Student: 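Have a look at this one before I ask anything.
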Amino acid sequence: MSSDIRFEEEDYSSQVNTSTLVRILGAVKPHWKWVVGFLLAVASVSTMEAYITYLGKRIVDEAIVPKNHEALVSLLTLYGGIVFVFAAAVFVFIYLAGILGQRVRYDLRKRVFDHLQNLSFSYFDRTPVGWIMSRVTSDTERMADLVTWGMLDVTWAVMNIVMALIFMSTINLPLTGVVLVLMPVLLRVALWFKSKILAEYREVRKLNSKITGTYNENITGVRVVKALTRESENLREFNDLTTDMYRRSFRAAWLSALFLPAVQIISAIAVGAIIWYGGVNIETGGMTIGGIQAFIAYITFMMWPVQDLARVYADMQQTIASAERFFTLLDAKAEVVNKPGAIDPGTISGDIEFDNVTFNYTDDKPVLTNFNLKVKRGETIALVGPTGGGKSTTVNLICRFYEPKEGVIRIGGMDYTKYTLEAIQSRIGVVLQTPHLFSGNIRENIRYGRLDATDDEIVEAAKLAGAHDFITTLGKGYEEQVGEGGVLLSVGQKQLISLARAILAKPEIFIMDEATSSVDTLTEALIQRGMETLMKNSTSFIIAHRLSTIRKADRILVIEQGGISEMGSHAELMRQKGHYYSLYTKQFRDELEAQYDPYHSNGHSSNGVLQPQPIGD
């Protein structure tokens with residue numbers, strides 16, 4: 001773990017990005033009818049709340065002071081009716097705000113999940129999982145809160161201020177002008193805090209992404225952490241990150257909190273001026289007792305919304321900082337996309353040809369250079385060679401997870417970029433060195449290869465893969481839960497299920513990426529039988545550590561430094577006595593030494609069966 005995550009987020013300016021705010025508010029556009037009803041309910045509540053305060057003035061001036069019993073009963077009846085309608089309107093806008101918030105959350109998360117499904121592998125190569133998770137979870141939550149409860153608070157606050165000024169002007173117009181003078185002062189205070197709060201919250205969001213990424217690394221790599229006793233060092237590095245976030249969050253909270261006392265001081269000045277003015281003019285009839293009371297109530301009625309606006313504004317800074325990163329994710333473009341006019345021919349069965357293909361993940365380091373290869377339909381090709389030589393890159397290009405920077409790959413004689421991505425990838429079966437299973441049961445994981453498969457077809461695929469026997473020994477059989485990532489099963493069991501999933505898909509191109517390197521000899525034999533079943537009807541590519549598993553391949557390619565250094569059958573390459581010969585004989589010699597050395601146990605499984613040692617990559 002390192003706090004220096006190899007991913008640099010874009011730095012944003014200290015000013016509020018208006019276009020970002022517009023995009024946030026655009027999230028409610030599909031639900032505009034709910035928004036209209038919600039805003040009308042809020043406006044009604046604000047209007048009634050202002051009138052209730054004015055009604056209090058009338059009760060004092062028209063009923064209590066002159067001791068008019070009939071007016072008191074009449075005004076109290078009106079007061080009770082308005083309060084009843086007021087309560088109903090409060091229920092309506094809170095209900096609509098809750099519904100609107102959930103709909104926005106649903107839309108945002110569905111939209112970003114769909115977008116992530118369509119991004120190319122290169123995006124995930126350079127973007128930390130923690131950063132993505134932070135965008136999908138906490139950032140969508142903040143955006144939804146802003147366009148619902150934030151919108152509610154803003155609408156309510158603006159309506160309160162407007163209605164307060166209207167009713168205040170009917171009581172005393174000159175004094176209302178004094179209050180209006182105070183409003184620019186409040187606005188200036190808000191503008192002063194604006195850039196400070198925004199800058200701090202942007203740093204908080206960046207640090208939060210790194211912390212999420214650190215959590216992800218430590219949870220997924222917990223075995224390595226414990227094996228290397230890295231707990232103390234990881235805790236120190238994590239403490240540095242969280243301390244930085246604490247300091248930034250503290251400064252942001254301090255600035256946000258400081259704004260409220262400033263508003264309250266200005267409010268107190270206004271209230272003091274009104275009491276003084278009303279007391280001086282009450283004898284001349286300029287102000288009534290009810291008028292003074294109502295005016296003070298309206299000052300409070302207006303100043304509290306200003307404080308709410310300040311709070312919403314601070315939240316908005318935080319939300320905009322989140323939204324800028326959310327939209328960075330949403331605006332990311334897939335590098336591998338369907339070309340105009342791309343087709344699905346119904347099959348990709350045919351010869352595969354690499355024609356002067358050059359590819360690099362980064363600009364300064366080519367992986368394949370002028371790579372040429374022609375594979376006949378139904379042929380089995382094995383790829384061996386050192387780490388970084390280009391084996392996995394070759395099969396990744398065949399799957400069109402990436403595309404050549406130069407040159408052409410043809411399938412069935414046609415440039416494969418003229419096919420749709422689905423046409424290619426839906427007809428390729430892949431079994432990886434580290435198989436991935438999804439949370440759920442075994443049956444669901446096998447069915448993932450073909451969602452419309454029947455239970456009988458799933459069982460048949462498991463039998464062909466050699467997985468059926470171990471599945472039936474489990475307590476719930478095919479209904480047995482595999483746990484997150486298949487953690488409840490062994491590596492070999494996960495490999496067999498992955499193989500069954502590939503068999504069920506009936507791929508036209510089959511890729512086995514070092515799938516037997518981490519299993520015992522018995523499981524390897526089961527996987528080999530399943531592979532032979534699958535390879536009968538497909539063009540196959542096998543990346544192997546254990547060279548004994550690829551002796552039956554039609555051709556073996558030794559890939560080094562971005563090209564093919566040797567090519568031929570096992571027998572042909574052994575006769576050449578080149579690099580493949582050296583690799584094979586060294587591995588065979590190591591196996592014999594492990595078998596006959598009584599002090600060397602690494603080459604044996606627990607049941608005494610020889611465990612061949614992987615070499616190279």
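The model shown is predicted, which means the values in this text are computed figures rather than measured ones. Along the sequence shown, the residues carry numbers beginning at 1. Worth knowing before you read on, the calculation uses all heavy atoms, side chains too, and leaves out hydrogens, waters and symmetry mates.
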Student: Are there more than 12 heavy atoms of other residues, nucleotides or ligands under 6.0 Å from atom CZ of Phe124?
Tutor: yes

Student: Any Lys/Arg nitrogen of Lys339 or Glu403 sitting under 4.0 Å from an Asp/Glu carboxylate oxygen of the other?
Tutor: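 Yes, Lys339 and Glu403 are salt-bridged.
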
Student: Is it true that a side-chain atom of Ser46 and a backbone atom of Val42 form a donor plus acceptor pair closer than 3.5 Å?
Tutor: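 The answer is no, because no donor-acceptor pair under 3.5 Å joins these two groups.
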
Student: Hey, is CZ on Phe86 packed in by over 12 heavy atoms from elsewhere, all under 6.0 Å?
Tutor: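 Counting neighbours around CZ of Phe86, more than 12 heavy atoms of other residues, nucleotides or ligands fall under 6.0 Å, so yes.
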
Student: Which atom names give the shortest non-hydrogen contact between Tyr123 and Ala332, and what distance separates them?
Tutor: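 Tyr123 and Ala332 have their closest heavy atoms at CE1-CB, 3.6 Å.
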
Student: Have Thr393 and Tyr361 got a donor and an acceptor in their side chains that come within less than 3.5 Å?
Tutor: yes

Student: Salt bridge check, Arg109 against Glu141: does any charged N sit closer than 4.0 Å to a carboxylate O?
Tutor: yes

Student: Any non-hydrogen side-chain atom of Arg501 less than 4.5 Å from a side-chain atom of Leu437?
Tutor: yes

Student: Can you confirm whether Lys494 sits close enough to Val482 that some side-chain heavy atom of one is under 4.5 Å from a side-chain heavy atom of the other?
Tutor: no

Student: Could you walk me through whether Phe326 and Leu108 pass the side chain to side chain contact (heavy atoms under 4.5 Å, CB included) test, one step at a time?
Tutor: CA-CA 10 Å; Phe326 176 84; Leu108 289 174; 4.1 Å; yes

Student: To the nearest 0.5 Å, what is the distance between CZ on Phe359 and OG1 on Thr394?
Tutor: 10.5 Å

Student: Are Arg135 and Asp139 ion-paired here, with the side-chain N under 4.0 Å from a carboxylate O?
Tutor: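 Looking at Asp139 together with Arg135, the answer is yes, because their closest N to O distance falls below 4.0 Å.
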
Student: Can you list the steps and then say if Gln425 with Phe401 is a side chain to side chain contact (heavy atoms under 4.5 Å, CB included)?
Tutor: CA-CA 9 Å; Gln425 293 168 359; Phe401 295 151; 3.9 Å; yes

Student: So, taking the atom named OG1 in Thr319 and the one named CD in Glu324, what distance separates them when rounded to the nearest 0.5 Å?
Tutor: 11.0 Å

Student: Would you say the side-chain atoms of Glu444 pair up with the backbone N or O of Asn441, donor to acceptor, closer than 3.5 Å?
Tutor: yes

Student: Using every non-hydrogen atom in the two residues, find where Lys391 and Pro386 come nearest and quote the distance to one decimal.
Tutor: NZ-O, 3.2 Å

Student: Would you give the length of the straight line joining atom CE of Met159 to atom CG of Leu39, rounded to the nearest 0.5 angstrom?
Tutor: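 If I round to the nearest 0.5 Å, the distance is 10.0 Å.
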
Student: Donor-acceptor pair, distance only, cut-off 3.5 Å: does the side chain of Arg105 make one with the backbone of Gly101?
Tutor: yes

Student: Rounded to the nearest 0.5 Å, how far apart are CD of Gln102 and NE2 of His31?
Tutor: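 Between Gln102 CD and His31 NE2, I get 11.0 Å after rounding to 0.5 Å.
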
Student: Ring centroid separation for Tyr54 and Phe167, is it under 6.0 angstrom?
Tutor: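 Ring centres of Phe167 and Tyr54 closer than 6.0 Å.
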
Student: Mind listing the closest non-hydrogen atom pair of Val45 and Val90 along with its distance?
Tutor: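 Answer, listing the atom of Val45 first, then Val90: CG2-N, 3.7 Å.
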
Student: Would Arg248 and Asp244 pass as an ion pair if we require N to O under 4.0 Å?
Tutor: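 No salt bridge links Arg248 with Asp244.
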
Student: Can you confirm whether Leu368 sits close enough to Leu397 that some side-chain heavy atom of one is under 4.5 Å from a side-chain heavy atom of the other?
Tutor: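 Yes - at least one pair of side-chain heavy atoms lies under 4.5 Å apart.
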
Student: Do Phe113 and His115 have their ring centres less than 6.0 Å from each other?
Tutor: no

Student: Just by distance, do the side chain of Asn239 and the backbone of Leu235 share a donor-acceptor pair under 3.5 Å?
Tutor: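 The answer is no, because no donor-acceptor pair under 3.5 Å joins these two groups.
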
Student: Any side-chain heavy atom of Ile24 within less than 4.5 Å of one from Met143?
Tutor: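 Yes; the side chains approach each other to less than 4.5 Å.
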
Student: Using a 4.5 Å cut-off on heavy atoms from C-beta on, say whether the side chain of Ile94 contacts that of Trp149.
Tutor: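 SC-SC contact between Trp149 and Ile94 confirmed.
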
Student: Is Val28 close to Trp32 at the side-chain level, that is, under 4.5 Å between some pair of heavy atoms?
Tutor: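 Answer no - side chains too far apart.
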
Student: For the residue pair Ile166 and Ser169, what are the closest heavy atoms and their distance?
Tutor: O-OG, 2.5 Å

Student: Atom CG of Leu330 and atom OG1 of Thr140: how far apart are they, to the nearest 0.5 Å?
Tutor: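 Here the rounded value is 11.5 Å.
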
Student: Anything under 30° is parallel, anything over 60° is perpendicular, the rest tilted; go ahead and classify His436 against Phe438.
Tutor: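 Ring orientation of His436 relative to Phe438: perpendicular.
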
Student: Does the side chain of Phe238 reach to within under 4.5 Å of the side chain of Ile211, using non-hydrogen atoms?
Tutor: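 Contact flag for Phe238/Ile211 side chains = yes.
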
Student: Using a strict threshold of under 4.0 Å (side-chain N to carboxylate O), is an ion pair present between Lys29 and Asp107?
Tutor: no

Student: Look up atom CE in Met151 and atom CG in Leu100, then write down how far apart they are to the nearest 0.5 Å.
Tutor: 6.5 Å

Student: Any idea which heavy atoms bring Ala41 and Val92 closest together, and the distance?
Tutor: CB-CG1, 3.9 Å

Student: What residue among Val337, Val336, Leu421 forms side-chain contact (heavy atoms from CB on, under 4.5 Å) with Ser120?
Tutor: Val336

Student: Run the side chain to side chain contact (heavy atoms under 4.5 Å, CB included) check on Arg142 and Asp145 step by step: do they pass?
Tutor: CA-CA 5 Å; Arg142 291 187 186 279; Asp145 284 343; 5.7 Å; no

Student: Give a yes or no on this: more than 12 heavy atoms of other residues, nucleotides or ligands lie within 6.0 Å of atom OH of Tyr51.
Tutor: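 It does: Tyr51 OH has more than 12 such atoms within range.
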
Student: Taking all atoms of both residues into account, what is the closest heavy-atom pair of Ala323 and Thr20, and its distance?
Tutor: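 Nearest pair, atom of Ala323 first, then Thr20: CB-CG2, 3.8 Å.
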
Student: With Val158, which of Asn160, Ile161, Val154 fulfils side-chain contact (heavy atoms from CB on, under 4.5 Å)?
Tutor: Val154

Student: Verify the neighbour count for atom CE of Met133: are there more than 12 heavy atoms of other residues, nucleotides or ligands below 6.0 Å?
Tutor: no

Student: Do the non-hydrogen side-chain atoms of Leu119 and Leu329 ever get within less than 4.5 Å of each other?
Tutor: yes

Student: Please evaluate residues Asp331 and Arg23 with respect to the criterion side chain to side chain contact (heavy atoms under 4.5 Å, CB included), reporting the C-alpha separation (whole Å), side-chain torsions for both, the decisive distance (0.1 Å), and the verdict.
Tutor: CA-CA 12 Å; Asp331 293 339; Arg23 291 185 72 177; 2.9 Å; yes

